[in-house]
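Here is the structure we will look at.
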Amino acid sequence: MEQDLIKAATENFTLPHDVVVLPTGGVFYKNKKKSVKVGYLTASDENYLINALSGEKDNVVMTLIKNKLYEHDLRPEELLDGDVEAILIFLRNTSFGPEYNMSLTDPKTGKRFDTTILLDELNIKKTEVTPDANGYFTTRLPRTGTSVKLKPLTFADTVEIEKMVSQYPAGRTAPVVTWRLLKQIEEVDGETDKSKIAIFVDALPIMDSKYIRKFLNDNQPSLDLRRTAIAPSGELVSFEITFGVEFFRPFF
């Protein structure tokens, strides 16, 4: 099946590229594409990475995706995080191989140590709930008993929220949880009016808010980025692979 997707995606396309199979299977996108054409990193991209002064996702990650995603009917901003991560791993693997060195802290001694993981061994996280044709999940909240339709955040949603946080008045706590919920909740007991959903969100019990966060995290198709390393003291250290300019550190 995967080879059929790759063959179909590469026909009649001549720019140097390969095909990346999307962890989401395209179910959240209008075009339903299960795989995308992605170009290789070049010397020009290396210049950009060397001169990158910030590790912010909207500066580094979005620039790379915009330059390397060869799909006219799928904008980088529409991608879900899991698909963005798959593309970034492809770009890194095809540039200097799958070995990725990370620095971690030994919980017993407090000292730093290095560990190496293989990015080509990452698997797609298994999920149990399937979204509908529109890419929405339907679930019932445990505290209020309300039926809601939920959608995962797109890359653009995440960047927008990060920007709103950075622009929020100093000394005040940005309502990040509320902003995320307003983007994630599409329907409440059949109601789709955003103003009414906003009222619902303001009064949402913490138990239901936490449930939504965990539900989407557990059921959004993505790569399993969780890993465990053995520290020099023998302690196990659990961690997740993160993305940004540090992910492409071998360029420096």
Side-chain angles (χ1 to χ4, degrees), residues 2-26 28-103 114-124 154-160 162-163 221-225 227 240-252:
E2 183 171 315
Q3 291 302 316
D4 292 339
L5 290 174
I6 292 175
K7 180 179 179 181
T10 54
E11 288 181 351
N12 302 317
F13 190 78
T14 57
L15 287 176
H17 71 283
D18 211 324
V19 170
V20 176
V21 176
L22 301 178
T24 65
F28 300 95
Y29 311 131
K30 291 181 179 179
N31 58 25
K32 305 300 180 185
K33 285 190 173 179
K34 297 181 179 180
S35 61
V36 292
K37 295 181 285 292
V38 181
Y40 302 108
L41 291 179
T42 64
S44 177
D45 299 311
E46 184 176 3
N47 289 331
Y48 166 71
L49 288 167
I50 289 175
N51 288 287
L53 299 178
S54 170
E56 296 177 7
K57 293 178 73 173
D58 57 334
N59 289 337
V60 177
V61 173
M62 183 53 74
T63 298
L64 290 178
I65 299 296
K66 283 182 176 179
N67 290 341
K68 297 303 167 184
L69 180 64
Y70 297 157
E71 298 291 343
H72 69 279
D73 57 350
L74 181 59
R75 296 185 301 115
E77 294 85 353
E78 298 173 350
L79 293 171
L80 269 59
D81 281 348
D83 292 341
V84 170
E85 291 159 359
I87 292 173
L88 293 176
I89 288 173
F90 161 81
L91 292 174
R92 192 185 189 286
N93 284 356
T94 55
S95 296
F96 34 80
E99 289 192 354
Y100 182 38
N101 297 319
M102 296 187 67
S103 179
D114 293 331
T115 188
T116 300
I117 58 177
L118 296 177
L119 295 173
D120 58 358
E121 293 182 351
L122 297 177
N123 297 315
I124 296 177
T154 64
F155 189 76
D157 290 334
T158 302
V159 170
E160 181 183 348
E162 290 175 351
K163 185 175 181 180
S222 62
L223 294 173
D224 187 355
L225 302 176
R227 284 291 181 271
E240 285 195 9
I241 301 168
T242 57
F243 299 87
V245 73
E246 287 292 332
F247 187 66
F248 295 94
R249 180 58 58 181
F251 274 115
F252 290 84

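Fair warning: this is a prediction, and the values are worked out from it, not measured in the lab.
- From Leu74, atom CG reaches atom NZ of Lys37 across 10.5 Å, with rounding to the nearest 0.5 Å.
- From Asp18, atom CG reaches atom OH of Tyr40 across 4.0 Å, with rounding to the nearest 0.5 Å.
- Contact between Ala86 and Leu223 at its shortest, heavy atoms only, is CA-CD1, 3.8 Å.
- Shown here are the side-chain hydrogen bond (donor to acceptor under 3.5 Å, both in side chains) partners of Asp224, two or more places apart in sequence or in another chain: Arg226.
- Between Asp73 and Tyr29, every side-chain heavy-atom pair lies at or beyond the 4.5 Å cut-off.
- Closest non-hydrogen pair, Pro221 versus Pro23, comes out as CB-O, 3.3 Å.
- In this structure, Thr158 OG1 and Leu79 CG are separated by 11.5 Å, a value rounded to the nearest 0.5 Å.
- For Glu99, the salt bridge (charged side-chain N to carboxylate O under 4.0 Å, His left out) test picks out no residue, with sequence neighbours left out.
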request  = Given side chain to side chain contact (heavy atoms under 4.5 Å, CB included), test Phe243 with Leu225 step by step and report yes or no.
outcome  = CA-CA 11 Å; Phe243 299 87; Leu225 302 176; 3.6 Å; yes
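- Side chains of Leu118 and Tyr100 form no contact here, defined as non-hydrogen atoms less than 4.5 Å apart.
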ask   = Could you go step by step and tell me if Val36 and Ile87 meet the side chain to side chain contact (heavy atoms under 4.5 Å, CB included) rule?
value = CA-CA 9 Å; Val36 292; Ile87 292 173; 4.2 Å; yes
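- By the side-chain contact (heavy atoms from CB on, under 4.5 Å) test, Ser222 pairs with Lys125, sequence neighbours left out.
- Of all heavy-atom pairs between Asn93 and Pro98, the closest is OD1-CA, 3.3 Å.
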ask   = When you look at Phe155 and Glu77, which way does the side chain to side chain contact (heavy atoms under 4.5 Å, CB included) test go after all the steps?
value = CA-CA 5 Å; Phe155 189 76; Glu77 294 85 353; 5.9 Å; no
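- Looking only at distances, no side-chain donor or acceptor of Asn101 sits under 3.5 Å from a matching main-chain atom of Thr116.
- With sequence neighbours excluded, the residues forming a salt bridge (charged side-chain N to carboxylate O under 4.0 Å, His left out) with Lys68 are Asp45, listed by chain and number.
- Judged as a salt bridge (charged side-chain N to carboxylate O under 4.0 Å, His left out), and not counting sequence neighbours, Lys30 has no contacts.
- What you find for Ser35 and Val19 is that their closest heavy atoms are CB-CG1, 3.6 Å.
- Contact between Gly97 and Arg92 at its shortest, heavy atoms only, is O-NH1, 3.6 Å.
- Going from atom CZ of Phe90 over to atom CG of Leu41 covers 8.5 Å, rounded to the nearest 0.5 Å.
- The side-chain contact (heavy atoms from CB on, under 4.5 Å) test with Arg75 singles out one residue from Glu78, Glu71, His72, and that residue is Glu78.
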key: Derivation of the side chain to side chain contact (heavy atoms under 4.5 Å, CB included) call for Met102 and Thr115   = CA-CA 5 Å; Met102 296 187 67; Thr115 188; 4.3 Å; yes
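- Looking at residues two or more places apart in sequence or on another chain, you find no salt bridge (charged side-chain N to carboxylate O under 4.0 Å, His left out) involving Asp114.
- Here the CZ-CG distance, from Phe28 to Leu22, works out to 11.5 Å after rounding to the nearest 0.5 Å.
- Residue Ile241 forms a side-chain contact (heavy atoms from CB on, under 4.5 Å) with just one option from Leu88, Leu119, Ile89, and that option is Leu119.
- Separation of atoms CG (Asp83) and OG1 (Thr154) is listed at 11.5 Å; rounding is to 0.5 Å.
- Between Lys34 and Gly25, the shortest heavy-atom contact is CG-O, 3.1 Å.
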